[in-house]
Every structure is written in structure tokens, then in C-alpha cells.
Protein chains: 2
Amino acid sequence: MANIQEVAQKAGVSVATVSRVLNQHPTVTAKTRLKVETAIEELNYEPSMLGRNLRNSESRLLLVLIPSISNPFYTEIINGIEDTAITNGYNILLCDTDSNPQREHIYFNMVKNKLADGIISMDPAVDMEKLNGLAMQYPIIQCSEYDEKGTIPYVTIDNQLAAYRAVKHLIKLGHKKIALINSDERFLYARERRAGYEQALREFNLPIQEKWIYHTNHLEFEFGQQAMRKLLQTDEKPTAVFSVSDTLAIGALKEINAHELNVPEDIALVGFDKISFSNMTNPTLTTVSQPMYKMGCTAADMLIKKIHNKDVESVILDHELVIRESTMG
Amino acid sequence: MANIQEVAQKAGVSVATVSRVLNQHPTVTAKTRLKVETAIEELNYEPSMLGRNLRNSESRLLLVLIPSISNPFYTEIINGIEDTAITNGYNILLCDTDSNPQREHIYFNMVKNKLADGIISMDPAVDMEKLNGLAMQYPIIQCSEYDEKGTIPYVTIDNQLAAYRAVKHLIKLGHKKIALINSDERFLYARERRAGYEQALREFNLPIQEKWIYHTNHLEFEFGQQAMRKLLQTDEKPTAVFSVSDTLAIGALKEINAHELNVPEDIALVGFDKISFSNMTNPTLTTVSQPMYKMGCTAADMLIKKIHNKDVESVILDHELVIRESTMG
DNA sequence: CTGAAAGCGCTAACAT
DNA sequence: ATGTTAGCGCTTTCAG
């Protein structure tokens with residue numbers, strides 16, 4: 001592979017001139033530019049990012065940390081990030097951390113090692129302490145999940161309000177026995193959504209019953225099934241279920257059907273995230289829609305600003321309750 | 001951020017010695033090693049990959065091209081790739097090409113630009129000509145989808161045999177009117193699966209009817225719905241459907257239900273890929289399971305071998321027909 | 001066993 | 001408008 005030297009030689013100019021052509025400096029004559037471009041063509045030259053990056057100490061690579069690529073929730077967010085990044089001359093590196101600290105470590109090192117210019121973290125299970133430490137030296141943005149005590153800018157929705165609205169919707173439908181399938185409350189979104197759930201119940205003077213609140217560490221379908229199985233075993237079965245993720249809700253739906261019960265007649269069901277599957281179930285799933293694409297764009301914008309040492313403020317975006325068959329008696 | 005110079009200075013040694021410590025050269029005295037390690041500790045030094053990579057002209061980064069992160073089919077493959085890569089000291093860069101040639105171009109350039117050491121392509125829509133061109137100079141492996149005319153090593157399954165078995169399963173169940181929901185036949189897997197479908201029909205003297213073969217350009221649920229809608233409009237409705245992807249099959253199931261028909265009583269259904277959602281539908285979906293994790297591991301292994309200039313041979317892995325409720329009358 | 005120095009490919013002063 | 005040159009951070013001969 002040819003390097004800048006050979007191009008310079010072939011074009012009969014200095015490497016500086018080649019570099020100028022490469023970087024579209026206006027001070028190059030049309031004639032020399034042509035000579036250089038011809039040489040580049042003939043040698044099939046491709047500039048090495050390595051040299052450029054070392055010199056400029058930037059990589060124009062953005063790291064995006066997700067806990068698992070299999071969670072469809074992230075799909076649209078990533079599209080937003082990617083589109084925005086590319087528009088701004090950055091590329092993204094999708095990092096599946098598997099919520100594994102060791103992998104996380106590798107990716108953290110990439111930014112320390114100058115292999116990436118910044119990080120967008122969407123991993124709720126990320127080591128917040130480490131992340132906060134890193135953020136003192138390197139550009140970092142959090143998307144969706146964040147650390148309320150930390151200083152890292154984030155983009156998210158009002159989880160409590162969203163949960164409140166979802167549960168209120170169930171109450172308005174006449175439900176009084178509403179269960180919650182929650183994820184691990186060491187995650188902020190889980191705590192916030194639970195707060196919204198409780199807020200709605202309290203507002204309508206409904207008791208908060210521990211037996212109707214189920215926690216699960218994972219978000220895969222099977223854990224939704226398991227959660228529902230437990231809820232159906234309680235002495236007093238709930239007539240409605242609010243689940244903090246669509247994947248869990250879909251598992252719950254499966255389990256409800258397995259018990260020969262119907263949604264929404266016997267049990268109404270609300271999910272969260274509006275993943276594409278949620279419209280394929282039978283019945284279709286009422287859910288909370290987050291502006292995922294926009295979240296992604298915003299997060300990428302914020303990160304790029306941060307990389308350029310501009311100040312950025314955290315952003316809270318709007319959500320929407322999407323009412324579908326699973327709550328339409 | 002400290003560099004190797006400062007470490008050398010602090011430790012009272014030369015940069016060469018620091019480098020030796022960094023790279024675990026055996027020729028360093030325990031004493032000097034300690035001095036250097038202390039200095040590294042104190043300065044919080046992290047070696048820059050940029051300098052190292054430039055010098056070694058390798059990045060230890062692997063590119064993985066997928067058409068869309070939203071397709072759950074790729075999830076397990078990527079886990080396999082990632083685990084294998086990390087074990088061998090490589091990291092992976094997930095590239096969502098969106099089947100967009102422009103994005104593809106960006107990622108191709110990354111390997112030309114020395115920002116990545118090689119590519120695993122899983123994008124059926126990739127520009128095969130370009131990919132073959134690249135492969136003459138850079139390490140490239142194809143996973144799942146490949147170019148039969150090209151020379152790039154690949155790992156895949158026997159798509160024709162898998163389809164043949166799926167359709168034979170339907171025939172054995174007594175079905176004679178079997179429809180095919182196929183994807184675009186400019187993709188090899190689509191052509192092969194269709195060949196398997198036809199092979200099974202021919203073997204049992206069943207006519208191949210064009211009206212029961214539907215092609216769709218996309219794999220999202222809605223296209224499965226649309227396909228099924230068309231198939232239900234034919235003068236003679238099929239009693240079984242083989243779909244080349246689970247996502248399409250799930251869309252078809254949705255549409256069948258919308259017409260007040262039942263699976264499998266009215267129409268039996270077979271998908272392909274065994275995505276996790278295929279076990280959440282009602283009824284659960286009979287499907288073809290590919291050894292996805294293993295495919296990923298194999299592809300990564302092959303690529304790393306290729307990077308080290310070793311010869312690699314294409315691999316065809318086993319598949320399995322997973323019989324579930326959608327074909328259990 | 002360790003140090004000096006060259007050089008990977010590129011960009012940006014500075015000089016002309 | 002173009003050339004010369006230093007240097008980004010690292011590894012690796014080559015000497016000693």
C-alpha cells in the first residue's frame with residue numbers, strides 16, 4: 001500500500017502538498033491539485049488513519065456501550081446515534097458489554113488509549129464509579145440510563161411520569177389489582193418506574209401490595225414468563241400488569257395464555273419501550289413509546305459537542321402511551 | 001495523559017526499556033522492571049494504541065458487517081465472534097450497514113486505512129464485487145451469506161438441505177399445498193432455500209405453483225403479514241407455509257390469526273433461524289436452528305488465521321429442524 | 001541488560 | 001503557493 005511519500009514523489013511535490021490536497025486546503029493551485037490527485041489515483045493510495053490520528057490525537061471513533069445487542073430496545077437509538085455520528089464525520093463502535101466488567105474495561109481502555117474519542121453509555125449495569133472517574137478526563141454521555149448522583153450529562157425520558165401514566169390508564173379502566181413486573185432496583189429506571197407506579201396507586205387510594213411487585217434481574221422473555229407465573233400464584237390474582245419492559249410483558253403474555261387466561265379480559269397488560277415485536281403479539285401490546293431515534297441523535301450530538309469542549313446540558317425527552325389491544329376490553 | 005517519555009524519565013530509564021516492560025520482554029531485570037512499573041503506576045500511564053498501531057501497522061480491531069442490528073438472527077453469531085476475538089486479543093467493531101453502499105464504503109475504508117485488521121461480512125446485500133476486490137488485499141471472511149462465484153472463505157450451513165427438510169416435514173404431515181415466503185432471490189440463501197423447497201415438492205410429486213411462492217425484499221414482520229395476505233387471496237389457499245425467516249413467519253402468523261384462521265389446524269407454519277421470539281408466539285414456531293454461536297466463533301477464528309497469513313478453508317456447519325406447535329396438529 | 005536513534009504515516013508551523 | 005522539518009507515541013534494530 002502506497003504512502004504519502006510515494007504519492008509526493010510520483011506527483012513531483014512535497015508531502016506537505018499532498019497532505020494539503022487530502023485535507024482540502026484552499027491554498028493549492030488547481031494544477032498541482034490535479035497532479036496530486038492523478039498520483040493518488042494511479043497509486044491507489046488511501047491515507048492511513050493511523051498516521052493522521054496519531055498526529056491529530058483524535059480517532060473520530062465513538063464508542064457506544066450497550067448491555068446486550070439482543071435487546072431490541074437499542075435498535076432505533078443506535079440508528080439515531082449512527083446517523084448523527086456519520087453526518088459529523090465520526091464512526092461508531094458498538095460495544096456489547098454483556099454487563100461484564102471485564103469487557104467494559106477493554107472499552108474504557110480504548111478511549112484512554114486514544115483509539116476512541118468518547119463514549120455513549122447505555123448500559124444500566126455499567127460501573128458508575130469507574131464511569132464517573134473516566135468522565136473527568138474523557139467525553140462521556142449517558143443515554144436512557146444515568147447516574148443521578150453523578151455529573152455525566154445524559155439524555156433520557158421522565159420514567160416516573162411515564163410509569164404513572166401507564167398505571168393511571170389501567171386504573172381508569174377500572175382495575176384495582178395492578179401488579180408490577182420490575183427489573184432490578186439498583187437501576188435508576190427501575191426505581192423511577194416503580195415510583196410512578198406507586199404514585200398512581202396512591203393518587204387513587206389503592207393499596208401498594210408487595211405480593212404484586214415482582215423483581216427480575218434479566219429482561220429476556222423467559223423472565224417475564226417466570227414473573228407472571230409467580231404473580232398468578234398469589235392468593236389474590238391481579239387483574240392488570242404493568243411491566244417495565246416489552247420483552248418481559250411478552251413473556252408474561254405467553255404465561256397468561258398458558259394458564260388459559262385471556263388478555264385483556266382476564267388480565268390487562270402494559271409494557272414499556274414499544275419494540276417492534278410488541279405489535280406482533282396477539283393481542284398487540286399497550287406500551288410506552290420512547291423517542292428512541294431522537295434519543296440517539298441527541299446523545300451523539302451531545303457527545304460530539306463535548307469532544308469539542310463545548311458545554312452540554314442533560315436532556316429529558318417526551319414519551320407517549322400507545323394504547324393497543326392488551327388494554328382494550 | 002502521560003506518555004512513554006515521561007514514564008522513562010520518571011523511572012530513570014530509556015523509552016526502549018519502558019517499551020520492553022510494556023511488552024513483557026524477558027530481558028529486563030526485575031529491578032528495572034519494578035522501577036518502570038512504579039513510574040507507570042504513579043503517572044497513571046496508559047500506552048497509546050495509536051503509536052503502537054502505527055508502528056506495528058496493526059489495529060487488532062475486527063470489523064463485523066451486519067445489514068441491520070435489529071435482526072435478532074445476528075445476536076448469537078456476534079456473541080461467538082466477540083468471545084473468540086477477545087480471547088485472541090482482538091476487539092470487534094459492529095458495523096450496521098443498513099445495506100447502504102455508502103456506509104459500507106466507510107467501513108471498507110477503515111480496513112484500507114489500517115484502522116481495522118479484517119472484516120467478517122454477514123450482509124447479504126453487500127457489494128460482492130467490491131468485497132472480492134478488497135479480499136485480494138485484506139483479510140475477509142463471509143459468514144452465513146457468501147458469494148458462490150467468489151474466492152472469499154465462508155462459514156455457513158447447507159441452506160438447501162435445511163429447506164428441503166423443513167418442507168419434507170410438512171409433506172410428511174400430509175400437506176400438499178405448501179407455500180413459500182422467500183426473500184429476494186438475488187441473495188444466495190434465498191435461491192438455495194427455494195431449491196430445497198422445490199426439491200422436496202418434486203420428490204413427492206407435488207406441483208410447484210408460482211402462485212404459492214411469494215418474494216419480499218425485506219425481512220421485517222410487516223412484510224410477512226403482507227406476504228400472507230397475498231397468499232390467502234389465492235384461489236386455492238395453501239394449507240402450509242414455509243418462510244425463509246422467523247420474522248416473516250411471525251408476521252404471517254399474525255395475518256393468519258387476523259383472518260380468524262388457526263395455526264396449525266388451518267395452516268401449518270415453519271420459519272427459519274430460531275430467533276428467541278419464535279418461542280414466544282402462540283403457537284410456538286417450528287423453525288430451523290442454525291448453530292449461530294459456533295458460526296460466529298468459526299468465522300472469527302478463520303479471520304484471525306487469515307490475518308496471520310494462514311490458509312483457511314470454508315466451513316459448512318450442521319443445522320437442525322426444531323419442531324414446535326405451529327406444525328403439531 | 002540497557003540506551004540511542006530511526007522510523008511507522010501524517011499534519012502544521014515556519015520558511016521561502 | 002509550495003517545500004522543509006519537527007514531532008505525535010511507540011517499537012525495534014544496533015551498539016555497547
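In what follows, every heavy atom counts, from backbone to side chain, and hydrogens, waters and symmetry copies are set aside. Quick note on labels: first sequence line is chain A, next is B, and so on, each numbered from 1.
B/S57 comes within 4.0 angstrom of nothing in the nucleic acid, heavy atoms only. Among the protein residues, A/T17 comes within range of the sugar-phosphate backbone only, with heavy atoms under 4.0 Å from sugar or phosphate atoms but none that close to a base. Counting any heavy atom pair closer than 4.0 Å across all strands shown, B/L54 reaches a base atom. Across all strands, B/N53 comes closer than 4.0 Å to no nucleic acid atom at all (heavy-atom distances).
No option in A/I92, A/I140, A/I120, A/T298 other than A/I120 meets the side chain to side chain contact (heavy atoms under 4.5 Å, CB included) test with A/L303.
Side-chain atoms of B/R20 come within donor-acceptor range of the base of C/dG3, with a qualifying N/O pair under 3.5 Å.
Between B/I4 atom CD1 and C/dA5 atom C1' there is a gap of 14 Å when expressed in whole angstrom units.
Note on A/S19: every side-chain N or O is 4.0 Å or more away from OP1 and OP2 of C/dA12. Phosphate contact (OP1/OP2 of D/dC8, side-chain N/O of A/N56, threshold under 4.0 Å): absent. Close to D/dT11, at under 4.0 Å from its OP1 or OP2, lies a side-chain N or O of B/R52. An OP1 or OP2 oxygen of C/dC10 is reached within less than 4.0 angstrom by no side-chain nitrogen or oxygen of A/N3. Within the 4.0 Å cut-off from OP1 or OP2 of C/dC8, not a single side-chain nitrogen or oxygen of A/S48 is found.
Comparing A/A16 and B/V13, the nucleotide of DNA chain C nearest to each residue sits closer to the 5' end for B/V13.
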